[in-house]
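One structure is given here, and the rest of the page talks about it.
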Number of protein chains: 4
Amino acid sequence: MNSLKNSVRLVGNLGMDPEIKTFDTNKKLAKLSLATSESYKNDKGEKITDTQWHNLVLWGAQAKIAEDVLKKGDEIVVEGRINNRSYLDKDGNKKYTSEIVVNEFLKVSSRN
Amino acid sequence: MNSLKNSVRLVGNLGMDPEIKTFDTNKKLAKLSLATSESYKNDKGEKITDTQWHNLVLWGAQAKIAEDVLKKGDEIVVEGRINNRSYLDKDGNKKYTSEIVVNEFLKVSSRN
Amino acid sequence: MNSLKNSVRLVGNLGMDPEIKTFDTNKKLAKLSLATSESYKNDKGEKITDTQWHNLVLWGAQAKIAEDVLKKGDEIVVEGRINNRSYLDKDGNKKYTSEIVVNEFLKVSSRN
Amino acid sequence: MNSLKNSVRLVGNLGMDPEIKTFDTNKKLAKLSLATSESYKNDKGEKITDTQWHNLVLWGAQAKIAEDVLKKGDEIVVEGRINNRSYLDKDGNKKYTSEIVVNEFLKVSSRN
DNA sequence: TTTT
DNA sequence: TTTT
């Protein structure tokens, strides 16, 4: 799966430590919550900050590195693809969610 | 609002004609449904096609152009930003949705 | 070599048929010349068209596909990386050149 | 001039302090030299680091901010467009150069 | 000429 | 040297 038709670039900060799941096959999954914050002036000249929270998903080698090096507050640069999927919640209702499946990331600064 | 911290690039086909809303202020909104299709081979060597549907939103001048030139089936290239937002549905339940707010688009081919 | 630290996206037209070289090892190289054309209005309100010509380089499988499907005039979407390198010309002078090493491309329309 | 047809993203370090020029009209120009470093393993399994140096150009407000906040060694994320142009050198020979005209940048870390 |  |  390549990145020409569906590619996302984000620069932001992690809202929490990575959440790691290890499967039977030893394959790892890391989930990250990333905030991107942008400021602009509205019609009245007031400064508005818009913060978006993105759900990121990392697999395999990328998940292991994320587990080792990422912490809440870290600033990262990310390249990935949008994955919209549906699932059934515990009450059996169909839910829709949108995630970024990360191809690469780079930690650019740390809170400490 | 710039595109350094939150930027999406998509290449795909429109699933329907643009849906246009005109507000009191004459400002226009266009909604597009865009399919990005990618093929890859799975572990068993079978060819899998993954199609993702994306909700696109265009405002103002971009919405007018979309209304004039875009049709179901057209292939477009898009640059925009991810906007995750919540709303209350008709039953008063909080729902989450993810949209791409388009900064620029380019029609690259048409079905006819 | 990944695309997080050095990534280029272009949409444009080919100025000539691909130029193909085949090496001893059967490895192929394709060279493309791509024009990106953009219009804007200058200070005086005149419409200016700025055309940039880019040197693209494709290796291996990508070069083979380029040889098979691309022709002068075709419109393509490209993702690659900038490669600045120097070489000695036939008079022994050091020359600098900048190329785009293509990771992926997609033909979006053809002149015929 | 937009960024759909010609867009570059770089993450790297400055090789020197910004070089600033101020024109009669008070318009500012900043020139930056940016290194992007990437590592990969070659056919023999040796780790190779490839460093590319990019010439960046910033105008107006972006140039002012660059002058104020950027220093040699800083790590920045950049979005811009490729500009290939020719000029005559002091001996009257035609020379070609490739620059990145920066639309936006973000300083992500500093050496001190 | 940078940085890890 | 392309294309609209």
Side-chain angles (χ1 to χ4, degrees), chain A residues 65 68-69 74-77 104-110, chain B residues 65 68-69 74-77 104-110, chain C residues 2 4-6 10-19 30-40 47-56 66 70-78 84 86 96 100 105 107-112, chain D residues 2 4-6 10-19 30-40 47-56 66 70-78 84 86 96 100 105 107-112:
Chain A
I65 301 172
D68 289 345
V69 309
D74 287 352
E75 186 176 24
I76 64 175
V77 180
E104 296 176 57
F105 74 89
L106 183 68
K107 181 166 83 166
V108 287
S109 55
S110 187
Chain B
I65 302 172
D68 288 344
V69 308
D74 287 351
E75 186 178 22
I76 64 174
V77 181
E104 297 175 58
F105 74 89
L106 183 68
K107 181 165 84 165
V108 287
S109 55
S110 186
Chain C
N2 50 39
L4 193 56
K5 292 180 173 174
N6 178 347
L10 302 173
V11 183
N13 296 279
L14 297 178
M16 52 176 205
D17 287 353
E19 184 186 324
K31 293 194 173 194
L32 306 179
S33 186
L34 185 78
T36 55
S37 297
E38 295 178 277
S39 297
Y40 63 97
K47 188 180 170 184
I48 305 292
T49 296
D50 176 48
T51 296
Q52 291 285 323
W53 284 97
H54 307 271
N55 296 315
L56 311 188
L70 295 182
K71 283 266 174 296
K72 178 177 175 175
D74 287 352
E75 186 176 26
I76 64 173
V77 181
V78 156
N84 297 311
S86 61
Y96 298 89
I100 310 300
F105 75 89
K107 181 165 83 165
V108 288
S109 56
S110 188
R111 208 169 42 166
N112 300 318
Chain D
N2 50 40
L4 193 57
K5 292 181 173 174
N6 178 348
L10 303 173
V11 184
N13 296 279
L14 297 177
M16 53 176 204
D17 288 351
E19 185 187 323
K31 292 194 173 195
L32 306 178
S33 186
L34 186 78
T36 55
S37 297
E38 295 178 278
S39 296
Y40 61 98
K47 187 180 171 183
I48 306 291
T49 297
D50 176 47
T51 297
Q52 290 285 323
W53 287 96
H54 307 271
N55 297 315
L56 311 188
L70 295 182
K71 283 265 174 297
K72 179 178 176 174
D74 287 352
E75 186 176 25
I76 63 173
V77 180
V78 155
N84 297 310
S86 60
Y96 297 88
I100 310 299
F105 74 90
K107 181 164 84 165
V108 288
S109 55
S110 188
R111 208 168 44 167
N112 300 318

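These values consider heavy atoms only, across backbone and side chains, with no hydrogens, waters or symmetry-generated copies. These numbers were taken from a predicted model, which means no experiment stands behind them. Just so it is clear: chains get the letters A, B, ... in the order the sequence lines come, proteins before strands, and each one is counted from 1.
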For this session: Please state how far atom CD1 in Ile48(D) lies from atom P in dT4(E), giving the value in whole angstrom units.
Result: 21 Å

Exercise. Between dT3(E), dT1(E), dT2(F), which nucleotide gets closest to the side-chain atoms of Asn13(D)?
Worked result: dT3(E)

Exercise. In whole Å, what is the span from the NZ atom of Lys72(C) to the C1' atom of dT1(F)?
Worked result: 7 Å

Exercise. Can you check whether Lys71(D)'s main-chain N or O pairs, donor with acceptor, with Asp17(D)'s side chain at less than 3.5 Å?
Worked result: no

Problem set entry | Sugar-phosphate only, base, or nothing, as touched by Thr51(D) at under 4.0 Å among non-hydrogen atoms | base

Problem set entry | Base dT1(E) paired with Ser33(D) side chain (donor-acceptor, <3.5 Å) | yes

Exercise. Roughly, in whole Å, what's the span from NZ in Lys31(C) to P in dT1(F)?
Worked result: 19 Å

Problem set entry | For atom CG of Leu10(D) and atom C1' of dT3(E), their distance in whole Å | 15 Å

Problem set entry | Listed partners of Ser109(A) passing side chain to side chain contact (heavy atoms under 4.5 Å, CB included), at least two apart | Glu75(A)

Exercise. Whole-Å distance between dT1(F) P and Gln52(C) CD?
Worked result: 17 Å

Seminar exercise, completed: note: Phe105(C), atom CZ; dT2(F), atom P; distance rounded to Å ~ 20 Å

Exercise. Hey, does Glu38(D) have a side-chain heavy atom less than 4.5 Å from the side chain of Thr49(D)?
Worked result: no

Exercise. Under 5.5 Å between ring centres and under 30° between planes: does that hold for Trp53(D) against the base of dT1(E)?
Worked result: yes

Exercise. Roughly, in whole Å, what's the span from CD1 in Ile76(C) to P in dT4(F)?
Worked result: 15 Å

Exercise. For Glu75(C) and dT3(F), what is the distance between atoms CD and C1' respectively, to the nearest whole Å?
Worked result: 7 Å

Exercise. Where the side chain of Met16(C) is concerned, which of dT1(F), dT1(E), dT3(F) is the nearest nucleotide?
Worked result: dT1(F)

Exercise. In chain order, what residues pass the side chain to side chain donor-acceptor pair (under 3.5 Å) check against Thr36(D), with sequence neighbours excluded?
Worked result: His54(D)

